[in-house]
Protein chains: 2
Amino acid sequence: MRLSKRGEYGLRAMIALAEPAENSDTPQMMQIKEISLREQISTKFLEQILLTLKNAGLLHSKMGVGGGYYLARSAKEITLGQIFRVLDGPVAPIKCVSQMSYEPCGCPDEDTCGLRMVMGDVRNAIADILDNTSLADVTKRQNAVRKKLGKK
Amino acid sequence: MRLSKRGEYGLRAMIALAEPAENSDTPQMMQIKEISLREQISTKFLEQILLTLKNAGLLHSKMGVGGGYYLARSAKEITLGQIFRVLDGPVAPIKCVSQMSYEPCGCPDEDTCGLRMVMGDVRNAIADILDNTSLADVTKRQNAVRKKLGKK
DNA sequence: TTAAAAGTATACTATACCAATAGACTTTAT
DNA sequence: ATAAAGTCTATTGGTATAGTATACTTTTAA
């Protein structure tokens with residue numbers, strides 16, 4: 001049940017982009033370098049990832065001097081599920097329970113397949129979290145912990 | 001969030017081994033061929049998988065004519081989580097929230113990392129299902145559906 | 001006692017995917 | 001015009017997946 005590095009870096013970057021915007025409604029623009037430095041991610045690799053996210057409509061960008069990336073929508077309207085699916089594909093552990101890319105799995109009878117039932121539960125549990133957690137929820141939670149620990 | 005073919009086949013095989021034993025307390029023995037035929041799994045590949053499961057202590061076997069594999073413990077006492085971990089490793093989507101094989105993930109500060117918090121939730125949701133579902137639970141559920149649908 | 005059934009054990013292979021790197025190209029502000 | 005920034009395509013090295021092949025050992029029934 002693994003999150004790939006692409007997924008991890010992409011999620012981290014999106015959270016970073018959501019963070020400063022926290023108290024303003026104007027989208028915060030950040031440069032690739034800025035993010036890669038702060039999150040310790042290979043710049044070139046991050047380039048690809050942000051591009052993918054942009055092509056998927058989750059990010060906008062501005063070219064040229066003083067450019068950068070910014071969220072395509074407000075942090076409340078972007079869920080981790082959306083980001084995850086763009087970078088790592090379906091949430092389902094097995095294709096026969098996938099909503100976005102169903103495929104039969106070769107068991108004798110899908111209707112009575114116990115593995116399928118359980119994996120369906122797992123898929124729903126994961127999707128429940130990822131689809132109901134927005135970037136804003138994440139930054140909110142981070143701040144709560146920071147406050148509690150008296151950090152930064 | 002993927003279950004590998006090894007994991008899928010292994011779980012399927014274990015469920016198959018749990019099934020006939022349902023109403024008896026004596027462990028049901030099945031041969032590799034029998035299982036591979038019924039579940040449409042490459043015999044040679046399944047061989048490896050069952051061997052792994054055996055070395056992990058979840059299966060026992062009997063060699064020679066009339067031999068086969070059977071569950072090492074009763075179906076109630078084997079959970080899907082145990083099987084999964086043997087074949088596919090940790091349940092956690094990211095190492096920094098893994099119980100069985102923790103590793104830091106390189107974010108600036110683990111305590112306040114939002115991604116880590118959410119992935120921790122995901123890990124717990126998955127583990128909750130997998131560790132609280134036994135092979136007996138699965139076969140029970142299968143039978144309930146069979147009955148309801150009037151199948152076989 | 002020996003042949004066949006069955007599991008055990010290693011090694012190998014082809015393919016795909018992942019993570020990262022490289023380099024050339026395009027757009028934009030100054 | 002030039003430098004800063006994103007865009008695009010290709011390539012690389014490594015690892016994981018999903019098997020296949022082959023030789024070996026143990027057990028049992030004829």
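In what follows, chains carry the letters A, B, and so on, assigned in the order in which the sequence lines appear, proteins first and then strands, with residues in each chain numbered from 1.
Here D:dG6 presents its P atom at 6 Å from OH of A:Tyr69, a figure rounded to the nearest Å. If you measure from atom CG of B:Leu46 to atom P of D:dA18, you get 14 Å, rounded to the nearest angstrom. Between A:Arg6 atom CZ and D:dT15 atom P there is a gap of 20 Å when expressed in whole angstrom units. Following rounding to the nearest Å, A:Glu34 (CD) and D:dA4 (C1') show an atom-to-atom distance of 14 Å. Put simply, CZ on B:Arg2 is 12 Å from C1' on C:dC17, counting in whole angstrom units. For the pair B:Ile49 CD1 and D:dA18 P, the computed distance is 9 Å after rounding to whole Å. Between the CG atom of A:Leu51 and the P atom of C:dT21 there is a distance of 17 Å, given to the nearest Å. If you measure from atom NZ of A:Lys44 to atom C1' of D:dG6, you get 10 Å, rounded to the nearest angstrom.
The nearest heavy atom of DNA chain C to A:Ile41 and to B:Met63 marks one nucleotide each, and the one closer to the 5' end goes with B:Met63. Mapping A:Asn55 and A:Gly67 onto DNA chain D via the closest heavy atom, the residue that lands nearer the 5' end is A:Gly67.
Within residues 85-96 of chain A, no residue is approached by DNA chain C to less than 4.0 Å at the level of any non-hydrogen atom.
Within 4.0 Å of B:Lys5, counting heavy atoms only, lie sugar-phosphate atoms of the nucleic acid but no base atom. Contacts of B:Lys33 with the nucleic acid, taken as non-hydrogen atoms under 4.0 Å apart, are absent. Residue-level contact check: A:Leu50 touches neither bases nor backbone, having no heavy atom under 4.0 Å from any strand. Among the atoms of the strands shown, base atoms are found under 4.0 Å from some heavy atom of B:Gln48. At a threshold of 4.0 angstrom between heavy atoms, the contacts of A:Glu47 include nucleobase atoms, whether or not backbone atoms are also involved.
When the side-chain nitrogen and oxygen atoms of B:Ser42 are compared with OP1 and OP2 of D:dT20, one or more of them lie within a distance under 4.0 Å. For the pair B:Lys62 and D:dT27, the criterion of a side-chain N or O lying under 4.0 Å from OP1 or OP2 is not met. When the side-chain nitrogen and oxygen atoms of B:Ser61 are compared with OP1 and OP2 of C:dT8, one or more of them lie within a distance under 4.0 Å. Phosphate proximity of C:dA19 to A:Tyr9: absent, as no side-chain N or O sits under 4.0 Å from OP1 or OP2.
A side-chain N or O of B:Ser61 and one of B:Lys54 form a donor-acceptor pair less than 3.5 Å apart. With 3.5 Å as the limit, one finds a donor-acceptor pair spanning the side chains of A:Ser134 and A:Asp137.
The nucleotide whose nearest atom lies closest to any side-chain atom of A:Phe45 is, among C:dT21, D:dT27, D:dG6, C:dT21. When the nucleotides C:dA4, C:dG23, D:dA23 are ranked by their closest atom to the side chain of B:Val65, C:dA4 comes out on top.
Under 4.0 Å is where a charged nitrogen must lie from a carboxylate oxygen, and between A:Arg6 and A:Glu47 no such pair does. A salt bridge does not link B:Arg2 to B:Glu8: none of the charged nitrogens lies less than 4.0 Å from a carboxylate oxygen.
Judged by distance alone, the side chain of A:Arg123 and the main-chain N or O of A:Val91 form no donor-acceptor pair under 3.5 Å. Judged by distance alone, the side chain of B:Arg73 and the main-chain N or O of B:Ile78 form no donor-acceptor pair under 3.5 Å.
With sequence neighbours left out, the ring-ring contact (aromatic ring centres under 6.0 Å, His included) criterion links B:Phe84 to no other residue.
Applying the side chain to side chain donor-acceptor pair (under 3.5 Å) test to every pair with at least one member in residues 83-97 of chain B, sequence neighbours left out, gives these pairs: B:Ser4-B:Asp88, B:Arg85-B:Asp131.
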